[in-house]
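Sequence lines set the chain letters: A, B, ... in the order given, protein chains first and strands last, and positions in each chain run from 1. Fair warning: this is a prediction, and the values are worked out from it, not measured in the lab.
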There are 2 protein chains.
Amino acid sequence: MPRRRDSTTTKQRLLQAVFRVSHREGFRSADLQAILARAGVTKGALYHHFRGKTDLGYEMIDQVLRDWILDRWLHSVQKASDPIDALIELARKAEQEVTPERLAVGCPLNNLSQEMSAVDEGFRLRLSSIYSDWRDGLKVLLENGQQRGTVREDVDALSAATFIVASWEGSIGLAKCERSTDVLSACRQGLERYLETLRPL
Amino acid sequence: MPRRRDSTTTKQRLLQAVFRVSHREGFRSADLQAILARAGVTKGALYHHFRGKTDLGYEMIDQVLRDWILDRWLHSVQKASDPIDALIELARKAEQEVTPERLAVGCPLNNLSQEMSAVDEGFRLRLSSIYSDWRDGLKVLLENGQQRGTVREDVDALSAATFIVASWEGSIGLAKCERSTDVLSACRQGLERYLETLRPL
DNA sequence: TCTATTACAAACCAACCAGTATGTACGTTA
DNA sequence: TAACGTACATACTGGTTGGTTTGTAATAGA
């Protein structure tokens, strides 16, 4: 039975709100008023639980964005026996499920990185940590494939993982600006072509 | 002989200033005071030549950013007989010439796209136009290669060009956040691996 | 049940910032 | 050289925004 005042859910509401608003508007342009309205709480509640807007952003990255990314783009393929098949399948599903809305707002990790990483070291370190874990997870995935014979032995797993992440994010970013599913499709095909080069002969 | 008051150079100074400041800070966070200080002019001069900050941003894209991108990443390879060799060479040079400073600020086109394209249609259209011209230029380059036999006949030139642009920007963006030349190097290797698949057998 | 502490609510504030209004010096032209 | 238009310079303003302060209701512990 939820209490009328529950600090846990209040914090969660605020974290979800700052995630959604800054996904659209960017973090610095995300108005506190809009975040509070979305969360359905007042400024007093925010400053009770967080030091300020920046602190709210930090915790959002660690507690919301991180899972949003890794659940979507890593955990869903992490137990696949053939990494290449799994990644191709993931990319196809992602392309099919994209809506005009999602296309226009892009990837929250990429958005935040481009906006904040040159301007606030706290943001950069937290975002970089997500990228690192993502890349590292893909690296392990590819290494498992190498052991099982589904990935070529002579490829550097971390290097390949890095390129996959980079081109993935670049694709979403380009499709966002061009607002075109054709661009997204072309990029997915390009990624597939690359992934095929990682298969054993 | 430069006149003491030269509207042309004043406009150019303002356009260069907003380009540089917003390259670091982002456009919306770029303080007009900082732009004016960098340009060495006052607010009166700005509002004499431009309707406002947004208008200044628009003209900057069309008159500064466009050339900055296309000169760097398209025109320098446009007359190559072997597009694949040329692109590989370009990527290697770009990697060698990168400084910590440049790494940290990233690509001005990518930065602006991620920041503005979901929030201001005027920006999005202008930025999208640059991407289109870039992609289209690479498409023509690849088609020329196909005619000369340096690029496979069965690849879709526009699709390949799109993936090249996307992964290029994604690489710079990822390296920016991770602040790592190793990431940049890994991405360049990945792009080379992809480009090699475009060669005839 | 009394009390202390947590969890908010709401009014307030100071700083910032794009944009404007007004004033002035320069330069061109007749 | 007089006069008029262009090219600025400077002081000001209105709105927005992150942050603070003060007050109050709910909850937990003794």
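Between the side chain of Lys43(B) and the base of dG19(C) there is at least one donor-acceptor pair of N/O atoms closer than 3.5 Å.
Among the atoms of the strands shown, none is found under 4.0 Å from any heavy atom of Ala34(A). Contacts of Gly52(B) with the nucleic acid, taken as non-hydrogen atoms under 4.0 Å apart, involve only primed sugar atoms and P, OP1 or OP2.
The interatomic distance linking Leu36(A) (CG) with dA10(C) (P) rounds to 12 Å, in whole Å.
Lys176(B) and Asn111(B) form a side-chain donor-acceptor contact under 3.5 Å, judged by distance and modelled atom types alone. A donor-acceptor pair shorter than 3.5 Å cannot be found between the side chains of Ser117(A) and Arg179(B).
Residue Thr10(B) places no side-chain N or O under 4.0 Å from the OP1 or OP2 atom of dA7(D). OP1 or OP2 of dA7(C) lies within a sub-4.0 Å distance of a side-chain N or O belonging to His48(A). Between His49(A) and dA7(C) there is no side-chain polar atom (N or O) within less than 4.0 angstrom of OP1 or OP2.
Ring centroid separation for the pair Phe123(B) and Phe27(B) comes in under the 6.0 Å cut-off.
End-to-end axis angle of the helix from dT1(C)-dA30(D) to dA30(C)-dT1(D), using five pairs per end and rounding to 10°, comes to 10°.
Considering only heavy atoms from C-beta on, Val119(A) stays 4.5 Å or farther from Ser29(B) through its side chain.
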Contacts under 3.5 angstrom, residues 140-147 of chain B side chains, donor-acceptor by atom type, not counting sequence neighbours:
residue   : atom : partner   : partner atom : Å
Gln146(B) : NE2  : Arg152(B) : O            : 2.8
Gln146(B) : NE2  : Glu153(B) : O            : 3.4
Gln146(B) : NE2  : Val155(B) : O            : 3.0

